[in-house]
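Here the structure comes first, spelled out in structure tokens, and everything after it is commentary.
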Amino acid sequence: MTQLESARAGIISPQMEQVAQREGLDAEFIRQGVARGTIVIPANIDHSNLIPRGIGQGLSTKVNANIGTSSVFGNIDTELEKLRVAVDSGADTVMDLSTGGDISAIRRAIIASSSLLVGTVPIYQAGIEAIAKYGAIVKMTVDELFAVIEEHARDGVDFITVHCGVTRSAIARLKQQGRVADVVSRGGAFLIGWILHNDRENPLYEQYDRLLEIAREFDVTLSLGDGMRPGSLADATDRAQVEELLIAGELVQRAQEAGVQVMVEGPGHLPLNQIETNVHLQKTICKGAPFYVLGPLVTDVAAGYDHITGAIGGAIAAAAGADFLCYVTPAEHLSLPDPEDVRQGVLASRIAAHAADIVKGVKDAGEWDKKMSMARKRLDWEEQAKLSLDPERSRQVHSKHASAGTACSMCGEYCAMALVEEFLGISAPRC
Ligand code: SF4
């Protein structure tokens with residue numbers, strides 16, 4: 001049985017127990033969320049070293065780090081190093097987006113080394129293999145695409161991005177729309193080319209039941225990709241994007257009826273004032289299915305700093321109800337991320353996720369901040385480091401300049417905390 005089928009049968013699986021423990025919540029709460037489809041626990045039955053995490057309503061906001069080779073850089077060693085950095089930085093999941101080298105070997109090495117949830121986008125590999133075999137993605141056969149999907153499922157991938165909503169109707173909307181940046185999703189672009197060249201419907205949509213069978217067998221969670229996501233603020237929340245979301249809503253329902261866990265991916269580039277609307281739209285159309293947002297990026301002009309752009313959008317999205325943030329690194333739009341980019345991307349998204357968790361009322365989120373404030377008042381630098389998202393960085397920055405006494409070098413002898421303590425005799429409560 002899949003997690004969804006177990007939950008519906010009233011069974012609390014070991015994975016639900018583990019998620020409950022991790023979140024500090026009751027296992028029955030997790031079971032009910034999984035049964036309703038508002039929580040997913042992506043846990044392939046063949047991912048043996050997985051530490052399960054739940055994604056969805058009532059849980060802490062999760063963070064994904066994209067790793068993987070490109071056609072010009074990377075190998076197993078570079079990607080395992082990025083995995084290590086993602087784990088150390090506190091990511092909840094990684095997606096292997098490899099498009100270069102021995103893609104199957106890289107994926108298997110990542111799964112074997114990862115206790116984090118692992119996601120992939122199988123159409124990348126299917127498309128690249130079609131280029132190697134026929135010289136063009138558009139020559140890929142439907143059976144070849146499904147064979148790659150099955151290979152990923154058998155290898156132990158926990159969730160797969162499938163751009164099922166890139167249909168002929170969505171492409172028609174896209175053509176009529178007239179966008180600034182057209183399509184920025186690689187998977188979406190592969191499929192649009194295939195659909196138009198072959199004058200056929202998207203096989204992931206047309207043969208969705210076949211996809212559901214594979215997903216159900218291995219309990220792979222479907223992540224309905226947003227092939228029409230805006231890649232420019234000028235294209236945000238347009239007709240093509242909304243058309244794909246409407247189709248995703250129908251596919252969520254069909255997946256859940258088939259006992260398959262499902263979440264939905266979202267934009268993309270969005271102005272600040274459209275983020276909340278996008279979250280509410282997805283939650284309404286997709287009946288509360290977990291929402292996995294890619295950023296969102298709130299301006300197009302911050303190249304080199306897009307981890308910040310993404311964190312601003314991610315915090316607003318998660319506070320409005322998004323459940324899962326795909327990180328953005330400083331290398332976004334510029335190059336393949338290196339391990340330092342991965343570290344900065346994960347931390348920026350974790351800040352966004354935690355800021356949102358405080359206002360979402362996630363258990364213990366606000367308490368963490370209170371403990372930090374108390375440690376600050378006590379000028380307890382080691383406790384502050386321990387409570388930091390990045391303890392090592394906290395220690396490094398604090399020790400940059402020496403200071404007399406216990407205050408830091410920012411205000412030195414005029415430390416407000418120390419002065420108030422001395423003159424007013426006010427001391428902070430001990431945690
Ligand atoms: S010196 Fe200034 S910045 Fe440093 S702890 Fe005291 S008040 Fe805060």
Side-chain angles (χ1 to χ4, degrees), residues 24 60-63 65 85-92 272 295 297-299 301-320 325 327-332 338-431:
S60 58
T61 307
K62 303 301 182 302
V63 169
V85 172
V87 172
D88 287 353
S89 311
D92 298 289
L272 282 172
L297 294 163
V298 295
T299 170
V301 300
Y305 299 93
D306 273 328
H307 56 314
I308 297 172
T309 321
I312 293 169
I316 294 168
L325 304 180
Y327 83 172
V328 179
T329 77
E332 183 74 13
D338 63 20
E340 178 56 20
D341 295 319
V342 170
R343 194 184 70 79
Q344 291 199 31
V346 171
L347 283 159
S349 287
R350 284 189 63 208
I351 294 167
H354 177 64
D357 285 350
I358 294 165
V359 297
K360 273 180 172 177
V362 166
K363 193 164 182 290
D364 296 335
E367 192 56 29
W368 181 4
D369 291 64
K370 195 172 169 193
K371 283 181 182 163
M372 174 63 100
S373 298
M374 289 172 169
R376 286 204 170 122
K377 177 70 184 99
R378 294 196 306 271
L379 299 174
D380 181 343
W381 300 102
E382 185 47 31
E383 185 63 12
Q384 288 177 55
K386 282 186 194 155
L387 287 166
S388 295
L389 279 169
D390 185 349
E392 202 40 49
R393 171 124 179 105
S394 169
R395 289 187 190 101
Q396 267 172 14
V397 175
H398 177 62
S399 61
K400 235 174 17 179
H401 306 292
S403 172
T406 51
C408 79
S409 56
M410 175 79 181
C411 328
E413 61 185 297
Y414 308 114
C415 171
M417 304 281 194
L419 287 173
V420 170
E421 176 87 29
E422 185 184 335
F423 291 116
L424 298 180
I426 299 168
S427 7
R430 304 278 154 191
C431 332

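Remember, it's 1-based here, ligands and their atoms both numbered in the order they're listed.
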Validation: residues 404-413 side-chain donor-acceptor distances under 3.5 Å, sequence neighbours left out:
none

- How would you list, by chain and number, every residue that makes a side chain to side chain donor-acceptor pair (under 3.5 Å) with R343, sequence neighbours excluded?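 R343 satisfies side chain to side chain donor-acceptor pair (under 3.5 Å) with E340, D390 once adjacent residues are dropped.
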- Query: Going by the atom numbers of ligand 1, which of them fall below 4.0 Å from some non-hydrogen atom of W381?
  - Reply: 5 (S)
- Message: Which of the protein's N, O or S atoms come within less than 2.8 Å of atom 6 (Fe) of ligand 1, not counting waters?
- Response: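 Listed by chain and number, the nearby protein N, O or S atoms are C415 SG.
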- Query: CG of D92 to CG of L325: how many Å apart, nearest 0.5 Å?
  - Reply: 9.5 Å
- Message: For the CZ atom of R350 and the CG atom of L389, what is their distance to the nearest 0.5 Å?
- Response: 4.5 Å
Residues 360-367 side chain polar contacts: donor-acceptor under 3.5 Å, at least two apart:
{"unit_1": "K360", "atom_1": "NZ", "unit_2": "T61", "atom_2": "OG1", "d": "2.8"}
{"unit_1": "K360", "atom_1": "NZ", "unit_2": "A322", "atom_2": "O", "d": "2.8"}

- Item | K371-S373 side chain donor-acceptor pair, cut-off 3.5 Å |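 Distance-only check fails for K371 and S373.
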